[in-house]
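The figures here come from the full heavy-atom set of this structure, side chains too, leaving out hydrogens, waters and symmetry mates.
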Amino acid sequence: KTIHLKDYTPFGYLVDEVRLTFDLAPDATRVTSRIAFRPNPETTDRRFFLHGEELRLLRAAIDGAEIAPEITDEGLICAVPDAPFVWEAEVEIAPAANTALEGLYLSNGMYCTQCEAEGFRKITYYPDRPDVMSTFTVRINGTHPVLLSNGNPVDSGEGFAEWHDPWPKPAYLFALVAGDLLAHSDTFTTVSGRVVDLNLWVRPGDEGKCAFGMEALKKSMRWDEEVYGREYDLDVFNIVAVDDFNMGAMENKGLNIFNSAAVLASPETSTDDNFERIEAIIAHEYFHNWTGNRITCRDWFQLCLKEGLTVFRDAQFTSDLRSAPVKRIRDVIDLRARQFPEDQGPLSHPVRPESFQEINNFYTATVYEKGAEVIGMLKRLVGDAAYAEALDLYFARHDGQACTIEDWLKVFEDVTGRDLSQFKRWYSQAGTPRLTVEEAWQDGTFTLTLSQETPATPGQPDKLPQVIPVAVGLLNPNGDEVRATEVLELTQARQSFSFDGLAARPVASVLRDFSAPVVLDHDLSPEQRAFLLAHDTDPFNRWEAGRALAGQCLLDMITEDAAPDTAYLDGLTAVLRDDGLDPAYRALMLGLPSQSELAATLHQRGLIPDPQAIWEATETLRQTTAQHMQDLLPRLRAEAQIEAPFRPDADQAGKRALGSAALALLSRLDSGTQAAADYACADNMTLQLSALSCLLKAGKGEVELAAFYDQWRGDRLVIDKWFGLQVALAAPEQAAETARRLSAHAEFNWRNPNRFRAVFGALAMHHAGFHHASGAAYQLLADWLIRLDPVNPQTTARMCSAYQTWRRYDNDRQLLIGAQLDRILAQPNLSRDTTEMLTRIRGS
Ligand code: ARG
Ligand code: ZN
């Protein structure tokens with residue numbers, strides 16, 4: 001069954017109040033609800049349908065009189081008075097049997113919930129849609145020492161606790177936790193002087209991994225006050241860490257629930273990347289309190305309203321706390337790795353989708369990350385001051401409401417007087433626009449002709465021109481900037497922009513700061529790119545010039561058997577030598593375009609990518625780079641030495657990143673001698689993991705790998721790394737076999753999403769390994785998806801995207817993958833989640 005945006009109608013009733021009582025028991029939890037409804041004056045539709053799935057209804061009553069509703073797989077219908085009434089129900093659910101991790105479930109003996117998007121209907125009968133908002137009062141009867149729900153605590157005693165959330169909210173923000181937990185506590189005083197109790201709840205044993213998350217929370221709370229004027233609105237803010245969780249974290253009102261991998265951190269067990277990600281996710285969930293909770297979504301088609309904006313806000317936060325250019329570059333790397341393949345393949349969908357079968361399949365890189373890019377473009381077009389004004393108006397106008405993208409754009413139109421109807425196409429047109437740049441030079445006038453074209457995507461054969469902000473700067477031949485960054489507004493299919501009064505033909509730096517999520521086609525010579533790599537004043541484009549040089553060099557190696565380009569090697573070495581540049585930035589410079597990205601580029605050029613050839617070219621270029629930089633490597637390593645005690649801040653992390661990148665190159669020359677020495681004295685996880693990776697890459701490290709396992713066998717998050725690393729660093733022909741071997745390991749608990757993803761996520765991301773000609777990885781993954789689907793449809797469906805690029809490859813591979821897709825699709829009772837994903841990937 002497909003749900004369409006155009007079919008939206010409001011619910012016929014409003015909810016004034018919800019009272020819930022939980023009598024917790026693993027196999028038979030009793031949920032008693034008492035809900036005050038009244039007819040919605042905005043509609044005449046008086047059909048009373050409540051969602052409900054996998055519930056055992058014990059009793060239902062209206063205004064105290066028992067009734068017998070008509071029950072289906074999806075909910076119930078009954079006749080109700082045409083006046084305010086009280087609905088009561090008692091249902092029984094079985095948290096212990098809930099392996100899908102949606103609704104109320106158990107994780108290591110702790111009760112917890114995940115209700116977004118449509119999990120509340122597995123807890124009790126309710127209008128489970130985001131536009132139905134109400135206050136909640138929750139009583140939990142249970143034997144666990146810690147009993148939590150949303151809002152403020154109102155009462156507690158032996159075996160019970162009561163919570164009240166005064167802020168009306170949709171059911172997807174409901175949460176309940178009951179467990180034997182310890183709190184890492186602190187307080188935060190808001191700008192208006194209210195003291196908020198903060199708790200980070202964890203399993204005994206994890207107390208030592210809370211301090212960083214707590215600091216991140218306090219920084220987030222302060223930042224949102226300072227930058228967006230948003231103050232926290234309850235007396236307490238609770239965060240709970242849970243081991244079994246389908247995603248990163250969830251912004252339940254006043255009770256955020258986190259995948260333990262997204263919140264627990266210590267220097268010994270977490271890498272610098274883990275720290276940065278945790279800080280960002282804590283900020284993200286916290287920021288949802290205003291962008292998501294106080295102002296929520298009318299329906300799930302509007303998901304980007306809260307997710308795009310909240311991702312944009314957490315990116316601003318990270319840029320402010322760390323390095324803005326480094327954050328921007330990392331985000332673009334991530335966008336190209338995850339969003340571009342989605343946007344350019346069979347799963348392509350608009351930032352605001354128009355239809356879906358299973359909403360869980362639309363928590364995508366397009367909705368989140370492209371959704372954030374769209375907001376970045378809007379801000380660039382209207383300017384910082386107008387953006388701030390529009391956001392103030394958004395909060396003032398829509399607080400307490402369930403909104404749409406139309407509401408969002410309207411505040412910008414009202415503040416700026418701009419007509420955003422063409423801009424809105426970013427929300428409705430799927431696909432990555434291609435932006436082509438042509439240059440002309442005559443009599444001191446430099447002209448850029450920009451053209452745009454968006455390829456057809458499923459269901460959208462024809463595309464219209466979008467509004468593309470193209471940030472451009474011009475450099476003189478001597479390397480000085482002659483025109484500072486200026487934003488060109490491309491609105492037509494093809495448009496020219498001139499710069500006059502120039503003494504010499506400039507070099508154009510186009511799409512600075514990655515001002516739009518497009519594929520840029522700017523035909524520059526290797527010399528021009530090397531010039532930009534040396535001189536561009538825009539840090540993003542300077543990095544991008546190096547990236548493009550590396551990409552072109554690899555493509556020439558793949559398609560023409562060319563030797564590695566010295567323009568790239570010399571330019572790169574010069575940048576790495578420049579110790580005036582941030583170490584983190586230089587570490588990023590050493591990266592190469594991913595192998596999957598190279599495959600995409602070859603495909604776009606009408607060629608068929610050979611994953612093995614791409615692998616080999618990448619290896620050769622790394623080896624050549626190591627030789628080319630041989631003399632520089634010790635100096636880079638010396639620069640990366642840190643005397644001070646470990647701090648997970650941007651400064652130290654950047655040095656360690658540079659040191660790791662240098663070690664990786666060095667290990668190609670000394671076959672791992674230095675890495676073995678580094679491993680022996682590593683005193684934090686970043687160094688330990690980087691040294692171990694270098695060893696494994698060099699075909700060594702067997703002893704260290706075993707020692708690592710013994711050292712960390714009690715720490716599930718580190719053991720996830722141990723699983724993932726082996727797959728990620730296996731040779732292409734070994735990847736599937738390594739994953740198979742690890743999936744037979746006693747510690748491979750495939751029901752735990754983190755562990756499943758550690759192995760099979762790593763396999764899917766191993767480009768040459770996953771696409772090895774034998775087809776072994778295609779088959780192994782399919783075997784496991786078939787096994788996981790009945791247990792956990794959400795995680796299964798998510799992993800199906802491993803196959804989404806299959807049409808890029810040769811016939812043999814397409815046949816191999818097609819056979820696996822068909823085999824999974826032929827399974828009886830395949831979940832709606834997985835069926836939808838695979839049918840879309842398979843195509844018609
Ligand atoms: N709203 C959560 C977040 O962005 C993620 C919820 C994901 N839900 C899902 N069904 N996949 O932080
Ligand atoms: Zn979010």
Side-chain angles (χ1 to χ4, degrees), residues 323-329 332 380 435-450 469-488 497-516 520-553 564-593 625 628-629 631-632 635-636 639 654 658 661:
S323 149
V326 166
K327 172 63 176 164
R328 188 65 189 137
I329 292 167
V332 173
R380 207 179 288 268
L435 177 67
T436 306
V437 183
E438 294 158 74
E439 298 183 0
W441 167 249
Q442 201 178 19
D443 305 331
T445 298
F446 183 69
T447 303
L448 287 175
T449 301
L450 305 179
V470 185
V472 171
L474 301 181
L475 301 175
N476 252 344
N478 67 6
D480 291 339
E481 192 171 73
V482 270
R483 286 287 197 285
T485 305
E486 173 179 336
V487 180
L488 310 179
F497 301 86
S498 292
F499 303 82
D500 51 24
L502 296 163
R505 181 180 179 137
V507 177
S509 167
V510 179
L511 206 67
R512 287 185 152 185
D513 201 34
F514 202 68
S515 59
L520 178 64
D521 187 356
H522 188 188
D523 196 10
L524 294 175
S525 66
E527 292 69 32
Q528 286 171 310
R529 292 201 200 281
F531 175 85
L532 289 170
L533 172 60
H535 301 293
D536 204 327
T537 48
D538 180 71
F540 175 83
N541 258 8
R542 189 170 180 191
W543 170 83
E544 179 82 321
R547 191 77 159 187
L549 263 181
Q552 193 50 52
C553 165
D565 176 14
T566 47
Y568 167 65
L569 295 170
D570 292 341
L572 181 67
T573 307
V575 169
L576 266 294
R577 246 181 233 295
D578 181 355
D579 53 21
L581 288 170
D582 179 4
Y585 184 73
R586 281 183 285 153
L588 285 169
M589 281 282 187
L590 277 175
L592 292 179
T625 306
H628 201 86
M629 289 192 177
D631 299 340
L632 183 57
R635 214 177 92 190
L636 295 179
E639 239 191 283
L658 184 58

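To the nearest 0.5 angstrom, Y568 atom OH is 4.5 Å from L592 atom CG. H535 contributes atom NE2, which lies 11.0 Å from atom CG of N476 (distance to the nearest 0.5 angstrom). Note: E438 CD to D521 CG = 9.5 Å, rounded to the nearest 0.5 Å. Put simply, CZ on F514 and CG on D538 are 12.5 Å apart, with the number rounded to the nearest 0.5 Å. In this structure, CZ in R529 is found 12.0 Å from CG in D536, a value given to the nearest 0.5 Å. If you take CG on L572 and CZ on R577, they are separated by 11.0 Å, rounding to the nearest 0.5 Å.
Using modelled atom types and a 3.5 Å distance limit, the side chains of N541 and S509 yield a donor-acceptor pair. A side-chain donor from one of D570 and H628 sits under 3.5 Å from a side-chain acceptor of the other. With 3.5 Å as the limit, one finds no donor-acceptor pair spanning the side chains of R380 and S515. There is a side-chain donor-acceptor pair under 3.5 Å between R512 and T537.
Counting heavy atoms of neighbouring residues, nucleotides and ligands inside a 6.0 Å radius, atom CG of N478 exceeds 12 of them.
With contacts defined as side-chain heavy-atom distances shorter than 4.5 Å, the pair E544/L520 does not qualify. Side-chain contact between L524 and L532 is present, with at least one heavy-atom pair separated by less than 4.5 Å. Contact check for L576 versus M629: side-chain heavy atoms found under the 4.5 Å cut-off. Side-chain atoms of L448 and F499, non-hydrogen and from C-beta on, do get closer than 4.5 Å to each other. Side-chain atoms of T445 and L502, non-hydrogen and from C-beta on, never get closer than 4.5 Å to each other. The side-chain heavy atoms of R483 and V472, taken from C-beta on, include no pair separated by under 4.5 Å. Side-chain contact between F531 and P477 is absent, with no heavy-atom pair separated by less than 4.5 Å. Proximity of R542 to L581: side-chain heavy atoms (C-beta onward) are separated by under 4.5 Å at one or more points.
Of the possible polar contacts, none joining the W543 side chain to the I329 backbone as a donor-acceptor pair under 3.5 Å is found. Put simply, the side chain of Y585 never gets that close to the backbone of S323: no donor and acceptor are under 3.5 Å apart. Looking at R586, its side chain never comes within 3.5 Å of a backbone N or O of L658 through a donor-acceptor pair. In this structure, S525 contributes its side chain and Q528 its backbone to a donor-acceptor pair below 3.5 Å.
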Kindly indicate, with the supporting measurements, whether the criterion side chain to side chain contact (heavy atoms under 4.5 Å, CB included) is fulfilled by Q552 and D565.
CA-CA 9 Å; Q552 193 50 52; D565 176 14; over 6 Å; no

Residues V437, L450; criterion side chain to side chain contact (heavy atoms under 4.5 Å, CB included); working and verdict
CA-CA 5 Å; V437 183; L450 305 179; 3.9 Å; yes

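A516 and P469 make their closest contact through CB-O, 3.9 Å (heavy atoms, listed as atom of the first residue, atom of the second, distance). Nearest heavy-atom pair, E439 versus A508, reported as atom, atom and distance to 0.1 Å: OE2-CB, 4.0 Å. The nearest pair of heavy atoms linking A550 to P593 is CB-CD, 4.0 Å. Counting all heavy atoms, side chain and backbone alike, L549 lies closest to P526 at CD2-O, 3.7 Å.
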